[in-house]
Trainee: 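Handing you this structure, nothing more for now.
Owing to the predicted nature of the structure, the values given are computational and were not obtained by experimental measurement.
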Amino acid sequence: MVWELVAIWAIVGATFWWFLRDERRRLGLDRLAEQARVFATGPQWRHGAPPLRREPSEPASRDLTDVQRRFLEELRRQRQR
């Protein structure tokens with residue numbers, strides 16, 4: 001009879017210990033999730049890629065014909081709008 005009471009209290013104690021351990025772990029995961037949310041959405045953690053440079057490398061002006069020069073000037077003018 002005594003060993004049955006010891007077994008019951010051992011089961012109760014193990015269950016209580018397991019419950020407390022899981023609750024601490026859950027709270028830790030909640031804290032970790034909150035930190036991840038801050039790192040994902042906080043303004044100090046937002047990173048933007050540098051803008052791509054799409055400008056063609058300009059050849060030397062002495063190699064351009066008048067038509068090519070006017071074309072490049074028109075492109076620059078339209079880009080400034």
Trainee: State plainly whether the residues R37 and E34 are in salt-bridge range, i.e. N to O under 4.0 Å.
Mentor: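 Yes, R37 and E34 are salt-bridged.
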
Trainee: Using the test side-chain hydrogen bond (donor to acceptor under 3.5 Å, both in side chains), find all partners of R77 that sit at least two apart in sequence or belong to another chain.
Mentor: E74

Trainee: Is there a side-chain contact between F71 and L75 (heavy atoms, below 4.5 Å)?
Mentor: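 Of all side-chain heavy-atom pairs linking L75 with F71, at least one is under 4.5 Å.
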
Trainee: Should we count CZ of R21 as having more than 12 external heavy atoms under 6.0 Å?
Mentor: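 Count over threshold, so yes.
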
Trainee: According to side-chain hydrogen bond (donor to acceptor under 3.5 Å, both in side chains), who are the partners of E23, at least two apart in sequence or on a separate chain?
Mentor: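 With sequence neighbours excluded, E23 shows a side-chain hydrogen bond (donor to acceptor under 3.5 Å, both in side chains) to R26, given in chain and number order.
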
Trainee: Does a side-chain heavy-atom distance below 4.5 Å link L72 with Q68?
Mentor: no

